[in-house]
Amino acid sequence: MPYFFCFNLKLSLHVELFVMKKTNLRVTFILLFCSIQAFFAQNAELKVVDSLNNLPFNQKIENLYQSEKNYKNSLAISQKYKYQKGIAESYENLGLIYYYQGKYELNHKYTVLAIKSFQSQGKQNKVAKVYADFGHAMKRRNYLLAEKYQRKGLQLAEKINDEYQLRAIYDNYGYLKEMNKEYDSAFYYYNKSLYLKREGTDSLGIPYSLNKIANLKVKLNTDLLTAKNHLDEAYQIRVKIKDKIGIAENLNYYGSYYYQIKDYNKAIEYFDEAIAYSKKHKYPYLTQDNFQKLSEVFETQDQFKEALNFYKKHIQYKDSIANIELRIKQVELDTQFGTEEKEREILLQKAKIAEKNTIIISVISLLLLSILLGYFLYSKQKMKNIQLVKERELQDALLKIETQNKLQEQRLQISRDLHDNIGSQLTFIISSIDNLKFALGNQNPKVDEKLTKISSFTRETIVELRDTIWAMNKEEITVEDLETRISNFIENAKISLTGTQFNFISNLKSKQLQPFSSRDGMNIYRIIQESVNNAIKHAKATKIEVLIQEKNHSITIQIKDNGSGFNVSETEKGNGLHSIQKRAAELQADLDLISNENGTAIKINLKS
């Protein structure tokens with residue numbers, strides 16, 4: 001029975017009681033019926049909660065937007081019915097979702113809530129798992145905290161002798177030790193995990209631990225015979241259980257093993273086989289890794305043409321993966337939009353249905369008590385309109401937030417593409433130029449000088465690219481960030497130019513100043529960078545001073561040098577001066593430029 005039907009029955013009953021003063025028998029019957037309906041509805045909702053919380057890991061992170069929405073809903077349902085198991089597991093899953101969204105503060109918040117909730121229920125095995133997973137998640141952000149939480153989870157799992165949880169915890173703790181170059185400890189925990197998996201006949205987990213041990217031995221170039229035996233055992237198990245992805249990984253590991261022992265022909269053979277297998281079973285990440293490894297093998301053998309060929313294939317696959325991920329993200333966004341549209345249509349349909357039922361009730365009730373019911377309907381409709389207005393305002397606000405999030409995701413994607421693709425290609429160019437210079441020797445000094453200039457220009461381009469990525473990754477740039485960036489630039493200039501005196505002074509008070517937008521912060525940084533570079537390259541200055549002062553919430557920037565200077569009215573402005581003027585205009589700042597035989601001074605007043 002729909003809610004509005006129960007409501008209308010109750011409303012009709014109240015009217016009858018008011019006018020005709022009938023007995024409460026009908027009231028009791030309807031309330032009992034609705035109570036039974038509520039009981040079954042509660043069971044159905046809690047089953048949905050359990051189903052969501054028990055989804056496989058890959059389904060949880062497949063659509064992060066939808067998963068966040070689902071687990072917020074499951075948390076609300078669990079809290080509504082005080083379902084403690086559902087509350088704790090919803091907290092745990094929200095922590096997982098926020099980790100993969102990169103929202104680390106929310107990840108920390110919900111993980112702590114999950115731990116407290118499981119502790120209150122006495123579920124020590126779940127507490128151990130959440131602690132260990134939390135430590136594993138922050139291994140690349142804060143090693144000390146990662147080690148602390150993993151250790152806490154490990155000790156708790158050992159205390160209650162939960163061997164099932166310890167299999168994964170030992171493996172992850174061993175990896176943490178390997179990251180910190182504590183290789184003896186890494187071997188110790190990998191072997192403990194392997195022992196438990198063998199005891200539990202865990203055919204999926206055993207190859208994982210065997211490969212961990214083998215790869216670490218290959219990495220350290222020690223006991224390679226044992227490493228080979230472990231790889232063989234892992235490969236045989238994965239073939240037996242028909243683990244296609246596992247087989248592809250093991251072929252890759254064989255290639256790395258033979259590369260380590262300098263059997264390059266065998267290494268090439270296994271990497272080729274791994275490529276064919278990973279392509280066949282649609283494992284693109286491993287395919288592009290195999291191409292990169294083949295490039296390294298051929299480079300080691302001085303077969304640079306083949307090395308370059310496979311490196312290009314590696315880049316192509318990497319780009320194709322990025323395009324696939326972009327398409328998946330687009331489908332996800334389209335799905336989100338479609339879901340929102342459907343939800344909006346459902347809300348409108350419900351509103352229309354409720355309105356029709358209200359009209360019917362009004363006609364019947366007006367025959368009995370027109371004035372009272374009319375006033376009631378008027379009040380109800382007014383409240384509904386207010387609620388609808390609030391809902392629309394909330395939806396508009398949510399759409400605005402989602403749009404901002406999408407824009408930020410696009411900016412991050414572009415910055416990742418710049419870093420991974422353009423950055424790696426520029427680095428490859430520098431490496432190729434250095435190899436070419438080495439190969440040519442000193443046969444042609446002019447060519448050598450030209451190559452050196454190209455290499456230096458490419459390195460400068462990488463620095464410029466990093467600065468751009470730095471700005472793109474931020475919605476806003478704080479005063480502290482900007483001061484640090486400028487200070488680093490000045491310090492690097494000091495190191496590279498020992499004959500030039502640099503002085504950087506700033507009295508900005510970050511707590512009193514609003515952060516800059518990423519565009520404004522980058523424009524300020526570029527103006528200072530361009531002015532200093534002009535003083536070094538063109539004015540041949542021996543003393544350069546950068547002053548940033550704040551007064552009455554306004555900021556003044558001055559760049560002074562003692563170089564040769566130029567005639568401002570007569571000199572044709574090059575790209576550098578045009579760039580400074582353009583950026584000042586974008587900042588809506590006042591620009592003063594003074595230059596003579598005693599030096600040049602550029603002053604910028606940022607309007608508050």
Side-chain angles (χ1 to χ4, degrees), residues 403-404 407-408 410-412 414-415 418 460-461 463-493 502-539 541 544-561 563 565-566 568-569 571-595 599-608:
T403 301
Q404 292 173 347
L407 288 173
Q408 180 63 13
Q410 290 175 357
R411 289 168 64 189
L412 291 173
I414 293 168
S415 68
L418 286 172
E460 291 175 2
T461 303
V463 172
E464 297 287 334
L465 181 63
R466 287 173 180 164
D467 288 337
T468 303
I469 292 172
W470 164 73
M472 287 184 66
N473 281 337
K474 295 177 178 288
E475 286 188 9
E476 57 183 28
I477 297 174
T478 65
V479 171
E480 291 177 343
D481 284 344
L482 184 60
E483 283 184 316
T484 301
R485 202 74 181 180
I486 295 169
S487 179
N488 289 340
F489 168 68
I490 298 296
E491 288 301 318
N492 289 333
F502 290 89
N503 190 21
F504 173 51
I505 300 172
S506 174
N507 75 338
L508 297 183
K509 298 175 182 177
S510 59
K511 294 182 180 178
Q512 298 179 5
L513 295 171
Q514 293 294 326
F516 300 103
S517 68
S518 59
R519 188 194 73 167
D520 287 350
M522 196 60 185
N523 277 335
I524 294 170
Y525 176 72
R526 290 294 191 210
I527 287 172
I528 294 172
Q529 187 183 49
E530 188 69 39
S531 301
V532 172
N533 286 337
N534 286 343
I536 294 169
K537 294 179 181 178
H538 304 301
I544 301 173
E545 188 174 56
V546 177
L547 303 175
I548 304 178
Q549 296 177 314
E550 181 267 333
K551 186 177 181 181
N552 298 328
H553 301 289
S554 294
I555 298 174
T556 300
I557 301 169
Q558 294 185 74
I559 306 97
K560 302 177 182 178
D561 67 70
F566 60 94
V568 177
S569 60
T571 302
E572 183 178 350
K573 296 176 182 177
N575 290 332
L577 289 177
H578 274 301
S579 174
I580 290 171
Q581 289 178 331
K582 182 179 178 182
R583 292 183 186 278
E586 289 179 357
L587 289 165
Q588 295 184 348
D590 295 327
L591 173 66
D592 292 327
L593 175 61
I594 301 172
S595 184
T600 300
I602 296 174
K603 183 178 180 181
I604 299 167
N605 292 312
L606 297 176
K607 301 174 184 177
S608 58

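Quick caveat: nothing in here was measured; it's all calculated off a predicted structure. Keep in mind that the numbers below use all heavy atoms, side chains included, and drop hydrogens, waters and symmetry copies. Starting from 1, each residue takes its place in the sequence as its number.
Between Ile527 and Ile557, the closest side-chain pair of non-hydrogen atoms is not below 4.5 Å. Put simply, the side chain of Thr600 does not reach to within 4.5 Å of the side chain of Ile559, judged on heavy atoms. Side-chain contact between Ile486 and Ile548: present, with at least one pair of heavy atoms (C-beta onward) separated by less than 4.5 Å. At a threshold of 4.5 Å between non-hydrogen side-chain atoms, the residues Phe489 and Val546 do not count as touching. Side-chain atoms of Phe502 and Ile536, non-hydrogen and from C-beta on, do get closer than 4.5 Å to each other.
Remark: Glu491 engages Lys494 in a salt bridge (charged side-chain N to carboxylate O under 4.0 Å, His left out) (not counting sequence neighbours). Every side chain to side chain contact (heavy atoms under 4.5 Å, CB included) that Ala535 has, sequence neighbours left out, goes to Ala541, Ile544, Asp561. Lys603 meets the side chain to side chain contact (heavy atoms under 4.5 Å, CB included) test with Thr556, Gln558, Asp592, Asn605; sequence neighbours excluded.
Judged by distance alone, with hydrogens and angles left aside, the side-chain atoms of Asn507 form a donor-acceptor pair with the main-chain N or O of Glu550 at under 3.5 Å. With hydrogens and angles ignored, the 3.5 Å screen pairs a side-chain donor or acceptor of Arg519 with a backbone N or O of Glu586.
Atom OG of Ser554 sits about 10.0 Å away from atom CG of Asp590, to the nearest 0.5 Å. Distance CD/Gln514 to CG/Asp520: 13.0 Å, rounded to 0.5 Å. Annotation: the span from Ile528 atom CD1 to Asn533 atom CG amounts to 12.0 Å, rounded to 0.5 Å. Rounding to the nearest 0.5 angstrom, the gap separating the OH atom in Tyr525 from the CG atom in Asp481 is 12.5 Å. Once rounded to the nearest 0.5 Å, the distance linking CG of Asn523 with CD of Gln588 reads 11.5 Å. A distance of 5.5 Å separates CD1 in Ile524 from CG in Leu482, rounded to the nearest 0.5 Å.
Between Ser595 and Gly565, the shortest heavy-atom contact is OG-CA, 3.3 Å. Contact record, Phe516 with Gly521: CB-N, 3.8 Å, taken as the closest heavy-atom pair. For the residue pair Ile505 and Glu545, the shortest heavy atom distance occurs at CD1-OE2, 4.5 Å. Contact record, Met522 with Ile477: N-CD1, 4.1 Å, taken as the closest heavy-atom pair.
In the model, Glu530 has no side-chain atom that pairs as donor or acceptor with a side-chain atom of Ser579 under 3.5 Å.
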